Structure formats: C-alpha cells, structure tokens
Novice: 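Structure in structure tokens, see below.
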Amino acid sequence: MKTNGMDDVRLMKGNEALAEAAFRAGMQAYFGYPITPQSEILEYLTLHAHEYPGVVVLQAESEVAAINMVYGAAGAGARVMISSSSPGISLMQEGLSYMASAQLPALIVNVQRGGPGLGTIQPSQADYFQAVKGGGHGDYHLLVLAPSTVQEMVDFVIEGFKLAEKYRNPVMILTDGALGQMMERVVLPPKGVLPPAPAPWATTGKPPTRERNIITSLFIQPEKMEEVNLVLQAKYAQMRESDVRYECIQTEDAEIMLVAFGLMARICQKVLELAREKGIKVGMVRPITLYPFPTTILQQLAETARVFLTVEMNAGQMVEDVRLSVNGKRPVHFYGRLGGIIPTVEEILEKLESLC
Amino acid sequence: MRDIHMEVVYQRPTTLTETPMHYCPGCGHGVVHKILMEVVEELGIQSETIGVAPVGCSVFAYDYMNIDMQEAAHGRASAVATGIKRVLPGKYVFSYQGDGDLAAIGTGETIHTVNRGENILMVFINNGIYGMTGGQMAPTTLEGMKTSTTPFGRDVRTMGFPLKITELVAQLPGAYYVTRQAVYNAQVVRKLKKALTQSFLYQRRNKGTCFVEVVSNCPSGWKMTPVEANKWLMEHMIPYYPLGDLKVPKE
C-alpha cells in the first residue's frame with residue numbers, strides 16, 4: 001500500500017482500528033457489552049469518546065438491552081454501531097429482525113469465536129449461516145461484509161455505514177477473533193470522511209409541518225405485512241444487483257478454484273502461491289459481501305475451472321452457497337476445521353493436491 | 001329566535017389522533033393515553049416529545065398519540081427510550097409499558113434504565129394481567145387471583161409473589177421521582193395528571209428517571225363489568241399497591 005506522507009498510518013489491532021474508524025466515519029452512538037475477543041472495541045471507544053464531543057458510547061446491561069438501544073438511536077436518526085462476538089450476537093437476533101422490519105440502518109460487528117454454546121474464545125467462521133440467512137425470525141437479510149485484513153476492518157466501517165444508510169437496513173461486518181486481535185499497518189481515513197445522512201423518517205419530534213413519524217415492525221394486517229415484506233425483498237434484489245463485492249486472484253487459467261472469505265482467504269492465498277510454484281493451476285475467489293453472495297462470478301468460473309474447493313473455519317457453511325452458484329456443473333469440495341482451530345497452509349495444500 | 005352562544009369548554013387534545021381506540025369498555029389505557037397527551041399539549045412540547053410503545057394492549061399507542069413514536073420489542077421499551085434520549089438529549093422521551101412488559105420480561109432493562117438515571121419518564125400500567133394475549137398471569141397478579149394460567153388462583157408457593165417493582169425502583173439512586181397513581185375516578189385522574197406534568201418538568205431540568213405507576217383495571221381479563229372491575233380494583237389492588245409518592249425530590 002502506497003501512502004503520500006500525508007496519510008495517517010498506524011500499527012493497530014483490528015478491533016482498535018475498527019473503533020477508531022467508527023469515530024472518523026461520524027458514528028454518533030455506540031452501545032455494547034463486553035465479550036472476548038471484541039472487548040477492545042468498547043474499551044477503545046470509551047477511552048477516546050471525549051475527543052468526539054456529542055458522540056454517545058454506552059456500556060449496556062446486556063446484549064439484549066444494547067441492540068434495543070441501537071434500535072432507539074437509529075430510529076431517532078443517529079449513525080449507530082454495535083459490536084459483539086458470537087454468543088452476544090445470538091442474543092441480538094430478535095433486535096436485528098425488528099430493525100430489518102422497521103428499516104433501520106446500523107452497523108453490527110461480529111468478531112466471531114468458536115461455538116456452539118459458550119464455545120471458545122478462538123477465531124471461527126461458524127456464524128456464516130446466522131449472518132447471511134437472516135439470523136432472527138422472519139424473511140430478512142443483513143448486508144454482510146467480510147474483511148480479511150485490518151485495513152479492511154477500517155474500510156468496511158465506512159462502507160458499512162454507507163450501505164446501511166443507502167438501504168435503511170442493518171449491515172454486518174463479519175470478522176473473527178484473529179482479525180480483531182492481530183496488529184497490522186493501517187491507513188486511517190480523515191475525520192468527517194462520511195457526511196451525515198438525512199433521515200426524514202426518524203423520530204426527532206413531530207413539527208406541525210409534517211405527519212408523525214412512526215418506527216415499528218408491527219403490521220397486524222397480513223396484506224400490509226406482505227407489502228412490507230415485498231419492500232424488503234425489493235431492497236435485497238437491489239443489493240444483489242448493485243452491491244455484490246468479491247476479489248478474483250489468478251482465476252483466468254485456474255483449473256482448481258479456491259473459495260474462501262475473511263481470514264481463510266489470507267491463508268488460502270499462501271496456499272495458492274505454493275501450489276502455483278508446484279505448477280498447479282490454482283485460482284481463488286474471495287467473496288467480500290457474503291450477502292449478497294457473488295453467485296454470478298462463480299457461475300462464470302464454473303465454465304473454465306474443473307473443480308472448486310471451499311475452505312472455511314467451520315463445518316461447511318458458505319460451501320452451500322458455492323454449490324448453489326455452481327449448480328452441479330462442477331464438483332465442489334470442502335475443507336474446514338472447527339471450534340476455533342485455524343486450518344494450516346500445509347493441510348489445505350494437501351487437500352488441494354488430492355484434487356489434482 | 002334567540003341566538004344561542006355556544007362556547008367550547010372541552011375538546012380532544014390536538015396531541016391525540018382521531019383514530020378510534022381499540023381498548024375494551026372501561027379499560028384504563030384510553031384514559032391514561034388522553035391524560036398523557038393532554039399534558040404534552042398543555043406543556044406545548046408536542047414537537048419535542050418522542051414516545052415508546054410496548055408489546056401488550058398498548059402496542060398500538062402510536063396510532064392514537066399524535067407525536068413521533070417508536071414501537072419496541074417486548075420488554076425493551078426503556079432500552080429503546082435510552083437510545084433515543086442519549087442521541088436526542090434535548091427532547092422529551094417517555095416509555096409506556098404494561099406489567100408483563102416492564103416487570104417480567106423487561107425487568108432487567110427497567111432496573112438498569114432507572115439505575116443509570118436515564119432522563120426519561122417511564123409510565124407503568126399495572127392491571128395485574130396480560131390483557132393482549134388473553135388474560136394470563138402477570139408478575140403483578142395478586143395472590144389467589146384467577147387468570148387463564150392460574151385457573152385455581154395464583155399460588156405464591158409455586159408461582160412467586162406479586163412483584164412490587166415500583167417499590168424496587170424507588171430504592172435506586174437514579175430514580176428522581178417515583179409515584180403510584182390510578183385512573184378509577186375523576187379525583188385520582190387529576191392526581192395522575194399532576195404527576196405526569198411534574199415528570200415532564202423534571203425531565204426538562206435533567207433530573208433523572210421519573211417513574212409513574214398507574215394501577216389500572218382489565219374488565220375483559222378480569223371477567224367483570226367496568227363498574228365491578230373498578231370496585232374490585234379499589235378493594236383488592238389498591239390495598240396491595242397503595243397509591244401515593246414513593247420517592248419525591250428533596251428541594
């Protein structure tokens with residue numbers, strides 16, 4: 001990454017870089033609750049909040065209370081963020097369903113750890129299904145961004161707020177404990193990088209000049225509820241049309257196509273390099289938006305690649321979306337480790353060579 | 001013919017919409033809605049007031065109150081109100097919840113909101129029953145009281161005791177003004193109005209949480225006529241939930 005000497009370059013932990021980026025992106029309120037491995041976000045924000053007068057940083061009594069504070073603040077028109085790790089994100093699912101239905105923008109950060117249950121505090125990608133399929137009750141989606149570097153932990157805060165406000169829908173940054181804890185060089189954005197978004201629908205107090213604004217997810221008439229659902233579905237269709245993001249690495253001549261996101265994509269890039277040195281034609285697709293999923297590029301690559309290998313830190317979740325995209329055209333294999341174990345370059349390479 | 005001069009001496013406050021309320025005959029909710037909105041009108045704070053409705057019978061409160069409102073998840077009204085108030089500290093924010101919402105599923109939020117001294121008004125309607133879902137036991141259901149889930153009466157040995165949440169929150173340093181009022185006759189309605197007015201005035205001065213319990217009725221859930229319900233309320237609810245101030249500011 002080149003910088004021009006004017007840039008604000010630092011060596012930072014993923015969690016802290018994300019927190020700093022939130023301030024600079026004009027976040028107006030943050031509500032959270034401590035949980036490993038993301039507590040640095042809340043700690044960093046409480047330490048530096050005084051540098052940003054008017055910005056609310058509040059430690060709630062629970063994840064349930066925190067997500068409902070986010071609902072209230074977002075409904076009042078504020079740019080709001082919340083963060084947690086897997087068990088805490090599970091507790092927030094009801095609130096996220098309500099926010100999707102009430103069409104409230106907010107940025108949700110899940111620094112994943114191994115599960116199920118209380119699990120471990122080691123990094124994991126086992127919340128993929130929960131993140132991309134909705135997570136709570138009802139037909140809804142979050143827009144899900146998966147960073148694979150500390151720099152992307154920063155960049156996706158800005159992108160996340162933008163997309164949340166564009167669609168009036170919660171956006172999730174789905175990262176993991178390793179990216180949250182590791183330190184890397186980052187270029188921080190300038191303060192005020194994102195102008196405030198107008199929210200004429202927000203509950204800011206009803207002046208005589210307009211009708212009252214109501215934030216609700218209750219539509220008791222089924223016909224009305226279906227209408228609201230169709231509005232949500234139209235937004236998701238628009239996301240699939242306009243906001244699919246992915247990265248292709250050496251896919252042009254690849255016979256074996258790796259598919260991996262987040263931390264796994266970094267590890268798979270090393271696998272790719274070693275395999276190429278051995279003369280194996282390997283490429284990689286890294287989905288950046290996990291919802292909307294980059295289906296089209298995988299369909300296209302199924303024309304040229306012979307076989308796909310999806311690698312994840314879970315029992316095989318994204319692989320289902322890869323299979324839906326490839327639609328039986330090519331075999332789609334899976335390799336993963338569970339419960340907080342990070343697959344090594346060697347074991348992935350071995351799996352990859354078994355497909356040659 | 002003699003001209004008849006007619007003067008309007010009473011009318012619907014502009015802070016109430018014209019939507020007919022769905023509440024059962026004799027229910028206290030409609031009266032509390034009206035009184036609350038009269039206070040907002042009289043204080044001239046319609047454009048600065050944001051309300052939070054709960055899950056329960058008053059889930060549709062925003063259909064009747066002509067102000068900006070948010071509908072919260074079950075039990076979370078005071079957390080939602082916290083979110084609103086924190087980002088709009090200059091506005092007036094109130095939450096409006098029933099007993100199941102505030103004192104069962106939302107007990108944690110209730111206690112912590114008051115403990116933080118959130119500068120909001122919490123209105124708590126206590127009628128000892130879950131009205132909206134068809135008359136099940138509430139945390140405030142009296143001992144021996146029959147509901148659809150206590151068909152033989154509430155047995156405190158297995159179902160716990162009626163919860164005096166208002167006494168509980170009055171202990172918290174964040175509570176500025178805590179009072180228990182009612183709506184069963186004109187006299188107590190006037191007292192309620194005074195308590196609500198006072199609460200908004202305290203909020204204007206950033207004093208902390210104001211908590212107003214309203215002991216109310218549920219003729220449908222209690223399976224009584226409105227007249228019987230109010231009589232039963234006075235004979236049974238009021239002795240257990242006595243009216244009056246539990247915490248008044250020292251000033």
Side-chain angles (χ1 to χ4, degrees), chain A residues 27-31 33 54-80 82 92-99 101-102 104 106 136-137 199-220, chain B residues 14-17 19 22 40 44-55 59-93 95 105-116 118 120 132:
Chain A
M27 176 188 74
Q28 290 164 300
Y30 169 92
F31 303 92
Y33 187 82
V55 173
V56 175
V57 178
L58 181 61
Q59 179 174 339
E61 65 270 30
S62 69
E63 285 93 347
V64 174
I67 193 67
N68 285 285
M69 290 172 186
V70 169
Y71 178 104
R79 183 173 285 161
V80 198
I82 188 168
M92 294 175 189
Q93 293 303 325
E94 179 197 37
L96 291 175
S97 169
Y98 278 58
M99 289 175 69
S101 181
L104 296 178
H137 59 282
W201 41 265
T203 59
T204 51
K206 177 197 136 24
T209 46
R210 69 156 164 82
E211 287 299 300
R212 66 197 196 280
N213 284 341
I214 307 293
I215 301 296
T216 186
S217 66
L218 175 69
F219 306 96
I220 204 91
Chain B
T14 56
T15 42
L16 275 183
T17 67
T19 310
H22 71 283
V40 169
I45 57 172
Q46 182 183 19
S47 64
E48 302 161 71
T49 304
I50 298 121
V52 181
V55 169
V59 70
F60 292 114
Y62 55 79
D63 279 345
Y64 313 128
M65 300 182 187
N66 190 20
I67 54 170
D68 280 0
M69 285 193 79
Q70 295 195 21
E71 162 54 33
H74 194 25
R76 318 301 170 210
S78 64
V80 171
T82 297
I84 300 169
K85 185 70 183 191
R86 289 289 178 125
V87 299
L88 298 173
K91 307 281 170 149
Y92 297 88
V93 178
S95 58
I105 193 168
T107 311
E109 282 79 1
T110 300
I111 287 175
H112 285 280
T113 301
V114 179
N115 196 48
R116 286 190 303 266
E118 293 295 339
I120 61 170
M132 189 61 132

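From a predicted model like this one, the values you see are computed outputs, not experimental measurements. Residue numbers start from 1 in every chain, and the chains themselves are labelled A, B, ... in the order their sequence lines are given, proteins ahead of strands.
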Novice: Tell me, side chain or backbone of B:S78 under 4.5 Å from chain A's heavy atoms, or both, or neither?
Specialist: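 Contact with chain A: none, neither part.
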
Novice: Pairs under 3.5 angstrom only: tabulate donor-acceptor contacts from the side chains of residues 56-66 of chain A to other protein residues two or more places apart or in another chain.
Specialist:
| unit_1 | atom_1 | unit_2 | atom_2 | d |
| --- | --- | --- | --- | --- |
| A:E61 | OE1 | B:R116 | NH1 | 2.9 |
| A:S62 | OG | A:V64 | N | 3.3 |
| A:S62 | OG | A:A65 | N | 3.0 |

Novice: Is a salt bridge present between B:R76 and B:E109, judged by a nitrogen-to-oxygen distance below 4.0 Å?
Specialist: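 Yes, charged N to carboxylate O under 4.0 Å.
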
Novice: With a 4.5 angstrom heavy-atom cut-off, which part of B:Y92 approaches chain A: side chain, backbone, both or neither?
Specialist: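 Neither part.
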
Novice: What about the rings of B:H22 and B:Y64, do their centers lie closer together than 6.0 Å?
Specialist: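 Centroid distance B:H22-B:Y64: below 6.0 Å, so yes.
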
Novice: Quick check: closest heavy atoms across B:A72 and B:V80, and the distance to 0.1 Å?
Specialist: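 It is CB-CG2, 3.7 Å.
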
Novice: What part of A:A202 lies closer than 4.5 angstrom to a heavy atom of chain B: side chain, backbone, both or neither?
Specialist: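 Just its backbone gets close to chain B.
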
Novice: Measuring heavy-atom distances to chain A, does B:I67 have an atom under 4.5 Å in its side chain, in its backbone, in both, or in neither?
Specialist: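 For B:I67, backbone heavy atoms alone lie under 4.5 Å from chain A.
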
Novice: Between chain A and each of B:N66, B:T49, B:L88, count heavy-atom pairs under 4.5 Å; write down the option with the most.
Specialist: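 Highest number of pairs under 4.5 Å: B:N66.
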
Novice: Measure distances from A:Y71 to the heavy atoms of chain B and classify the residue's part below 4.5 Å as side chain, backbone, both or neither.
Specialist: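 Both backbone and side chain.
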
Novice: Indicate yes or no: does B:K91 engage B:D68 in a salt bridge with an N to O separation below 4.0 Å.
Specialist: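 Judged by the 4.0 Å cut-off on N to carboxylate O distance, B:K91 and B:D68 do not form a salt bridge.
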
Novice: Kindly say whether A:S97 contributes a backbone atom to a donor-acceptor pair with the side chain of A:S101 at under 3.5 angstrom?
Specialist: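 A pair under 3.5 Å: no.
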
Novice: Quick one: of A:I67, A:I214, A:V70, who has the most non-hydrogen atom pairs under 4.5 Å with chain B?
Specialist: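 Heavy-atom pairs under 4.5 Å are most numerous for A:I214.
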
